[in-house]
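What follows is a set of notes on a single structure, which appears directly below.
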Number of protein chains: 2
Amino acid sequence: MDTEPAVDKMKNSFSRKDEIFKQATMLFKKRGYTATSVRDLAQESGIEAPSIYSHFKSKEDILQQICFGMAKAFMTGLSKAEKKKSPDDKLKAAIKAHIKVVTGNSDASAVMWNEWKNLTEPYFDDFKTMILDYETRFRKIIKKGIKAGIFKRNNPAMATKLLLSSLNGLAFWYDPGKHQAKDLNSTITNIFFKGIVKRKN
Amino acid sequence: MDTEPAVDKMKNSFSRKDEIFKQATMLFKKRGYTATSVRDLAQESGIEAPSIYSHFKSKEDILQQICFGMAKAFMTGLSKAEKKKSPDDKLKAAIKAHIKVVTGNSDASAVMWNEWKNLTEPYFDDFKTMILDYETRFRKIIKKGIKAGIFKRNNPAMATKLLLSSLNGLAFWYDPGKHQAKDLNSTITNIFFKGIVKRKN
DNA sequence: CCTACCGATCGGTAGG
DNA sequence: CCTACCGATCGGTAGG
């Protein structure tokens, strides 16, 4: 029997796909991509395993959507930040944008970071190119800041790695019920910009 | 025929186990623990799959040795650092010790960090307890530094997470042919203690 | 350290 | 979205 209106079927179909995607993101984070089976995804979504393939082409398809979806969000945020004038304003805006993406999708951020190595070609290379570009653009901001005399002469490559490690680590400890995005932003920016040691006056 | 002296057999036996352990560490880092099969380990070690079980009780046994071996090294380093008097000297020493362990075993550090979630009970809980203790002790140093008026009044929990994320990220980008442990130590300590922004005089 | 082998589970397909 | 099913591969054991 099929008494549901077409509009409800569409809505159900969308929410079912979203449900699978959400459960997959959570399971990939908790257990890892390889350790999560298609049967696990099905069980958490309340359907049988083969039904997953009505919504996604393959298990990797889901991982691809998580990884490239997040990468795109990070890229968009960085592009806006780069429009600021001074290197320090650019970096502040880039940090803020990055934090916004991570806190808005902490499970997906963690999965992207931990599981992108499971992507097969050509997705693996495409993704790698994107995150290398992201890092290069952060480094470029820091380099310009050094040249402008605003930032200290630290090794820009190391400074970039340290910053991005901290920012990405956020995905693993951020708790929406415990942390405010605003506090995170000010604390991270303050520590990275000015350090934790009190100045002697 | 068995013409080798006993001492050579022993030596070969030891180096074979070490070889498996080394290859496992590299493969677990590159592909992940779950995505690496016992047959993969055997192939890279130049033996057949069932022979792995002459040296290790199970695949997880190898992961356990990686995780707990590294955790012990981190713990030992921190205990020594805690003997310093002032909070800033303690933190400097703790950072230095952590960097030393990571740079000395970057593959194993990365595996520990990314794969410990694959440990089964009771190892999972034991390990979790250890790293929570490690973090708590770092946080305690920072808290004491704030109380002593040496460190700024940042959120100690956040400051600790930021520092440890940076330090653990090291395992993924450290390159022995490219970075000097000494430079890493001074750059990381400088940035975390004093920030990247130049002081205006 | 090897050959031979096992039950369980994997991602995915056929057909409705 | 389901039932029925498949070939491949998994971690691991028996026995030498």
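Within every chain, numbering begins at 1; the chains are lettered A, B, ... in the order of the sequence lines, protein sequences first and strands thereafter.
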Would you check if there is a donor-acceptor pair between the side chains of A:Ser37 and A:Asp40 at a distance under 3.5 Å? yes
Separation of A:Glu48 atom CD from D:dC5 atom C1', in whole Å? 14 Å
Got a sec, which residues hit side chain to side chain donor-acceptor pair (under 3.5 Å) with A:Asp107, two or more places apart in sequence or on another chain? A:Lys29
Between A:Gly46 and B:Lys59, who's closer to the 5' end of DNA chain D by nearest nucleotide? A:Gly46
Side-chain N or O of B:Arg39 closer than 4.0 Å to phosphate OP1/OP2 of D:dT9: no
Just the rounded figure in Å: distance from P of C:dG12 to CD1 of A:Ile52. 11 Å
For D:dG7, the Watson-Crick or wobble partner whose two distances fall under 3.5 Å: C:dC10
Would you say the rings of B:Phe124 and B:Trp116 are close, in the sense that their centroids are separated by under 6.0 Å? yes
Between B:Phe28 (CZ) and D:dG11 (P), how many Å, whole number? 9 Å
Would one find a side-chain N or O of B:Ser37 under 4.0 angstrom from OP1 or OP2 of D:dT9? no
Please report, rounded to the nearest Å, how far the P atom of C:dT9 is from the CZ atom of A:Arg31. 14 Å
Is there a Watson-Crick or G-U wobble partner for D:dG15 with both distances under 3.5 Å, and if so, which one is it? C:dC2
Donor + acceptor pair across side chains of A:Ser166, B:Ser166 (<3.5 Å): yes
Which of D:dG11, C:dC2, C:dG12 is nearest the side chain of B:Pro50? It is C:dC2
Rounded to whole angstroms, how far apart are CG on A:Asp40 and C1' on C:dA8? 14 Å
Donor + acceptor pair across side chains of A:His179, B:Asn155 (<3.5 Å): no
Let me know the distance between CG of A:Asn118 and P of C:dC10, rounded to the nearest Å. 16 Å
Taken to the nearest whole Å, OH/B:Tyr53 to C1'/D:dC10 is 9 Å
Considering every strand and a 4.0 Å limit on heavy-atom distances, what is the contact class for B:Thr36: base, sugar-phosphate, or nothing? sugar-phosphate
Look at all strands and tell whether A:Ser54 reaches a base, only sugar-phosphate, or nothing, counting heavy atoms closer than 4.0 Å. base
What integer distance in Å separates A:Leu41:CG from C:dT9:P? 17 Å
